[in-house]
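Below, read A as the first sequence line, B as the second, and so on, with proteins coming before strands; counting in each chain starts at 1.
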Number of protein chains: 4
Amino acid sequence: MKSNINVGVVGLGRLGGLYVEYLSYQIPGANVIAVADADTKLATEIAEKYSIKHVFQDHQHLLDVKGLDAVVIVSPTSTHKDVVIDAASKGKMIFCEKPLSLSLDEAVMMKKAVEKSGVFFHMGFMRRFDRGYSAAKKRILDGEIGTPIVFKATSRDPYRPSLEYADPKKSGGLMLDMGIHDFDLARWFMGDVADVYAIGDVLAFPEMKTINDVDNAMVVMNFESGNIGSADLSRSGIYGYDIRTEILGTNGTIQIGYLRETPITILKKEGVTHDTVPFFMERFQESYIIQLKDFIDKAIRDQEPSITVEDGERALLVAHAATYSLHEKAPVAIDNEAMSYQLKSESEKITS
Amino acid sequence: MKSNINVGVVGLGRLGGLYVEYLSYQIPGANVIAVADADTKLATEIAEKYSIKHVFQDHQHLLDVKGLDAVVIVSPTSTHKDVVIDAASKGKMIFCEKPLSLSLDEAVMMKKAVEKSGVFFHMGFMRRFDRGYSAAKKRILDGEIGTPIVFKATSRDPYRPSLEYADPKKSGGLMLDMGIHDFDLARWFMGDVADVYAIGDVLAFPEMKTINDVDNAMVVMNFESGNIGSADLSRSGIYGYDIRTEILGTNGTIQIGYLRETPITILKKEGVTHDTVPFFMERFQESYIIQLKDFIDKAIRDQEPSITVEDGERALLVAHAATYSLHEKAPVAIDNEAMSYQLKSESEKITS
Amino acid sequence: MKSNINVGVVGLGRLGGLYVEYLSYQIPGANVIAVADADTKLATEIAEKYSIKHVFQDHQHLLDVKGLDAVVIVSPTSTHKDVVIDAASKGKMIFCEKPLSLSLDEAVMMKKAVEKSGVFFHMGFMRRFDRGYSAAKKRILDGEIGTPIVFKATSRDPYRPSLEYADPKKSGGLMLDMGIHDFDLARWFMGDVADVYAIGDVLAFPEMKTINDVDNAMVVMNFESGNIGSADLSRSGIYGYDIRTEILGTNGTIQIGYLRETPITILKKEGVTHDTVPFFMERFQESYIIQLKDFIDKAIRDQEPSITVEDGERALLVAHAATYSLHEKAPVAIDNEAMSYQLKSESEKITS
Amino acid sequence: MKSNINVGVVGLGRLGGLYVEYLSYQIPGANVIAVADADTKLATEIAEKYSIKHVFQDHQHLLDVKGLDAVVIVSPTSTHKDVVIDAASKGKMIFCEKPLSLSLDEAVMMKKAVEKSGVFFHMGFMRRFDRGYSAAKKRILDGEIGTPIVFKATSRDPYRPSLEYADPKKSGGLMLDMGIHDFDLARWFMGDVADVYAIGDVLAFPEMKTINDVDNAMVVMNFESGNIGSADLSRSGIYGYDIRTEILGTNGTIQIGYLRETPITILKKEGVTHDTVPFFMERFQESYIIQLKDFIDKAIRDQEPSITVEDGERALLVAHAATYSLHEKAPVAIDNEAMSYQLKSESEKITS
């Protein structure tokens with residue numbers, strides 16, 4: 001057991017900047033000693049603000065910093081593969097923000113690199129660390145709702161992302177960019193997914209057609225256990241950021257989620273009104289911090305990571321299968337060899 | 001035990017008309033055989049609609065109808081005394097809508113007449129029959145919240161009544177007209193009230209000053225048991241009809257009340273909104289019916305009434321004491337003989 | 001415009017008995033003059049209780065009662081076809097409880113009989129008359145949520161019905177018996193369904209396997225408009241009767257539904273708790289009455305029925321397609337001729 | 001405008017320790033350069049953990065640290081007077097945790113010292129910085145509920161404090177220790193209080209009698225504006241930490257408060273349940289941080305403090321008047337000279 005961990009942060013976008021702040025101030029045992037970002041001006045500013053010694057433009061130099069124990073990867077998804085493989089080869093502990101990759105082939109390569117090197121790897125799915133989701137998991141393990149049999153998820157963004165951001169070539173599309181959280185939760189609560197079927201279309205924002213993605217979709221899943229589940233995804237939850245999940249068991253049901261930002265209610269002739277949660281940082285800020293704490297804590301204690309590279313790969317597989325089902329208008333099995341092959345081709349198409 | 005009860009209804013205003021309908025169609029064991037109202041045209045129409053044999057302009061003739069077992073009094077409060085005393089003297093069972101009277105002297109006379117004649121007398125306080133309030137009572141008796149120690153009530157009307165209706169000379173004022181429900185609930189849940197202190201003023205509707213009544217008030221009470229309570233009353237609950245009661249026990253608390261008319265929620269950028277309960281008929285319609293059923297049922301079975309004439313008198317006493325406290329700006333004891341005398345004088349002043 | 005309608009009620013089970021009570025007492029303009037039930041003792045008792053002149057064992061004699069204007073059909077689904085066709089041929093107005101039939105062939109025959117005779121026919125789907133659902137419909141028509149694009153329904157029974165009742169040969173199975181309400185709502189809010197895909201299994205009650213039906217299922221739908229929807233159905237909503245529907249529009253979303261029987265909340269160390277809605281009569285009692293009022297009212301005024309025989313047939317078609325999809329593990333188009341043929345065969349299999 | 005503020009923290013109890021953490025890590029512009037606590041071991045540990053240069057056992061030495069700009073006082077209430085007066089005389093900016101003092105005489109002395117020296121003084125009432133309370137304030141100022149006319153507050157602790165802590169000689173008793181927050185909110189939302197009347201008793205914890213304090217109380221207030229208000233206080237809110245406030249306006253009402261810790265709801269046969277808020281740190285943690293930010297921010301910019309020493313003194317006056325009313329069983333005017341004198345004597349009695 002180490003007393004603390006020297007961390008390098010790769011990628012200093014909005015989330016990367018916050019990760020530096022959290023790791024610097026709120027996470028005991030973490031020392032940020034290096035940052036890297038293509039935007040060197042930004043990287044230098046952040047390094048100064050948090051008194052971080054080493055600043056780089058690329059991850060390779062960062063990985064070579066003497067005494068570096070771990071790397072936190074918050075750079076664009078397309079860069080994940082190289083950073084993960086390089087970090088694994090140099091024996092660094094890895095935290096990688098979701099999604100693992102857009103490409104199933106890349107994901108397999110990354111998984112192999114991690115497994116071969118045996119490094120500690122934490123896949124970033126912050127919802128698992130939300131107080132609601134972790135309490136629900138505990139309650140279910142305690143048997144409070146009996147055996148879980150049905151999984152239901154709803155994810156809605158409050159507005160359409162920029163077309164540049166949303167472009168499936170960059171984001172992977174609705175299923176990979178947004179649905180992947182729900183697919184990870186589905187696996188976490190219910191076990192592996194056997195097959196999926198998805199429907200969806202451009203229903204709210206006609207301009208989404210120009211990037212070949214849908215803005216609303218629904219997915220149903222059979223789990224390998226025989227249980228069933230669904231996820232409905234929307235870019236047009238215009239009323240607020242709405243993340244809800246329900247697990248129905250044989251003895252009751254658990255619902256996770258809320259739509260309320262401040263604890264005030266206004267009652268007027270027109271009705272009783274409260275506000276909604278603006279977006280993901282308001283909803284999950286604490287989860288990001290708890291997740292980073294968990295990463296550092298497990299790393300320090302030489303314990304197993306809470307979420308593995310395989311979790312990252314398998315959620316990605318479900319997301320690709322859902323995307324494929326959406327296009328082919330047919331159910332898609334996850335583990336069928338032939339289908340996997342097709343999925344891979346499909347995933348290449350999406351990302352090429 | 002009778003098989004059914006022949007009923008006469010005195011007073012055919014809005015509530016009286018509904019009582020005739022409920023007694024005719026929804027209350028097994030009740031036969032409405034006579035109605036009386038000063039407005040004979042109205043009385044005749046209602047009698048025809050519900051195939052009621054006897055129609056009168058006054059209660060005396062109604063009380064003389066052969067075979068009449070019971071009288072339901074929904075006429076103006078100022079008439080209650082005569083109808084009750086006449087009905088008691090003729091041995092009729094009595095249901096009397098709240099308040100018993102505006103005058104404490106009258107209330108004492110009515111109580112004595114009922115006690116002397118030994119007739120069945122049900123004092124109308126429909127809230128006790130609301131599914132929320134009766135469930136709460138049962139839970140408390142079952143010990144679910146431990147020993148009740150604090151009582152809190154809120155009553156708010158959605159708009160100002162007409163000045164004619166609200167005039168204390170007619171309605172008794174805010175404490176008698178509106179507060180009396182909360183004072184009855186206070187006694188029902190906590191036992192008798194020892195003393196009260198009230199504050200209040202014309203805060204929302206300046207025109208209330210012309211009738212010498214307040215539109216908002218707050219009352220705190222010491223119960224004879226040593227426990228404490230409060231009621232806040234408002235004519236300006238402009239957002240809806242808001243009736244809430246809480247009983248805090250040593251082991252938990254029970255809250256009764258809701259503010260929602262239809263089961264729909266609308267979520268928009270401006271917030272999450274649901275509607276409110278418009279007014280008392282929407283909130284308590286079922287309670288009125290359940291109360292009438294209880295009256296008929298207990299009467300048929302020769303059982304004790306659920307709410308007695310003394311309950312009517314004592315709630316009135318609390319309401320008068322609260323009114324007096326409001327005017328005198330001092331705490332008022334309920335059972336002090338001298339104070340009772342003063343209260344009576346006060347009550348005469350209000351109603352004269 | 002008639003002044004009132006002479007009604008015969010066919011089928012005096014629990015719901016039939018209530019319909020007689022509602023039509024007798026709470027629905028202006030309705031005169032129940034005849035009842036019929038295979039159980040003559042029951043029929044006679046009910047006739048006496050409500051002073052109904054004519055009592056029969058079968059619907060044919062009831063249809064011949066002189067002066068009879070309308071028939072309300074609450075008898076077992078298997079009898080609907082004969083009663084509807086006979087009533088249509090005799091020019092009687094018809095109210096038929098859901099589902100129209102278990103058989104698509106029968107449904108077509110009934111539709112043709114009604115269309116040929118031109119009689120007034122109201123298909124019983126009471127949810128449309130629930131204050132929540134009708135308010136939601138109005139709000140949507142008023143444009144409050146913009147254009148509706150996603151439909152989501154949840155229906156959960158609080159316990160497993162008896163195997164005898166649930167047997168698909170009698171009930172039609174989960175999709176026809178329970179899902180048909182959601183399919184009707186789907187059509188009402190979103191227009192006709194183009195295709196469905198369903199998954200489901202025996203997850204809570206192993207004994208359901210003996211009757212070849214599932215106890216939990218999920219359905220996704222493409223509407224002809226291009227919009228999308230889902231319904232999840234459960235026999236194991238063990239915590240209460242849970243009926244929820246959401247319509248997501250381009251400008252907001254509407255949620256219909258609640259899970260609360262009495263207006264009390266209990267707060268203890270263990271948490272904040274309120275009760276749930278026990279079952280459908282507690283949830284929809286008022287809707288049944290409003291629907292019967294609508295039927296009588298429209299019939300008296302010679303207006304079009306609010307829900308037509310075609311509505312009954314098309315909801316049934318969706319339910320059959322969903323059943324078929326569940327068995328075939330493939331998406332099923334509703335309006336494809338060949339598929340309709342297959343569906344019909346399938347529906348025969350289910351009901352044979 | 002300074003670029004940042006050198007801060008000394010006096011008092012390193014639970015809250016003091018957190019203040020050091022917040023000021024060190026989460027509040028831009030604050031440098032903690034000194035700490036003081038009677039427990040030097042604790043003080044040394046904290047200083048080491050946060051790399052704080054100066055450690056003292058008393059505030060005098062701390063105030064003499066070169067370059068010190070401000071002092072944050074979180075030491076026991078009985079020490080506030082000396083620290084405030086000394087800090088004022090040395091021209092230091094002051095943040096003082098509530099209550100200002102237990103003694104009205106002391107409060108007057110402190111106010112005079114602050115006014116004479118002209119130093120920046122922020123009185124700590126963190127609720128004003130809660131997102132709910134500050135949003136409510138803004139909405140009211142925006143006119144959303146019309147003119148505020150009725151104020152209602154509920155404060156309930158989830159369990160009885162230790163008798164040592166609760167002892168009025170130390171804590172000031174229920175009104176000063178707990179009620180003072182509500183009296184501050186009352187003044188903030190409604191303006192100054194004209195008079196109060198309080199009732200209360202030992203209803204839940206008989207052992208409270210040994211320290212001469214009540215465990216449940218209710219207070220009603222007339223504001224100088226003529227508006228009215230109430231606060232009910234309890235040490236036995238055994239179900240959770242329950243802080244609720246409502247401001248009723250002529251055009252609607254605002255309710256602030258919630259009772260929910262995690263976003264999960266469990267639905268079982270026994271009912272629908274969610275958890276409650278454990279205690280004040282869970283409820284108001286963010287408010288403490290926002291308040292410290294506001295203090296530092298205003299201090300840096302040479303702006304007026306958000307809450308003044310007079311706010312501290314006047315809330316204390318209301319709390320003393322309420323205590324006095326509770327004992328005397330009579331209404332107590334706040335601003336009457338003679339009464340103030342009596343109050344002061346009373347306050348001496350309480351604190352001697």
Please identify, among [options], the residue contributing the most non-hydrogen atom pairs under 4.5 Å to chain C.
options	result
B:Gly132, B:Ala136, B:Gly249	B:Gly132
B:Gly257, B:Ala135, B:Ser24	B:Gly257
B:Arg260, B:Arg131, B:His274	B:Arg131
B:Glu21, B:Glu261, B:Glu246	B:Glu261
B:Thr262, B:Ile256, B:Ile266	B:Ile266

Taking the side chain from C:Lys269 and the backbone from B:Gly252, do they hold a donor-acceptor pair closer than 3.5 Å? no
Per-residue contact mode, C:Arg283 against chain B (heavy atom under 4.5 angstrom): side chain
Ignoring hydrogens, what is the shortest heavy-atom contact between C:Pro263 and B:Asp130? Give both atom names and the distance. CG-OD2, 4.0 Å
Can you give me the closest heavy-atom contact between C:Lys268 and B:Glu144, atom names plus distance? NZ-O, 3.1 Å
Checked C:Leu248, C:Thr245, C:Asn251 vs chain B; the most non-hydrogen pairs under 4.5 Å come from C:Asn251
Here the gap from B:Thr265 atom OG1 to C:Ile254 atom CD1, rounded to the nearest 0.5 Å, amounts to 9.5 Å
Heavy-atom neighbours of B:Phe279 CZ exceed 12 at 6.0 Å: yes
Determine, step by step, whether B:Gln255 and C:Ile264 satisfy the side chain to side chain contact (heavy atoms under 4.5 Å, CB included) criterion, reporting the C-alpha distance in whole Å, the side-chain angles of both residues, the deciding distance to 0.1 Å, and the verdict. CA-CA 6 Å; B:Gln255 295 172 347; C:Ile264 67 169; over 6 Å; no
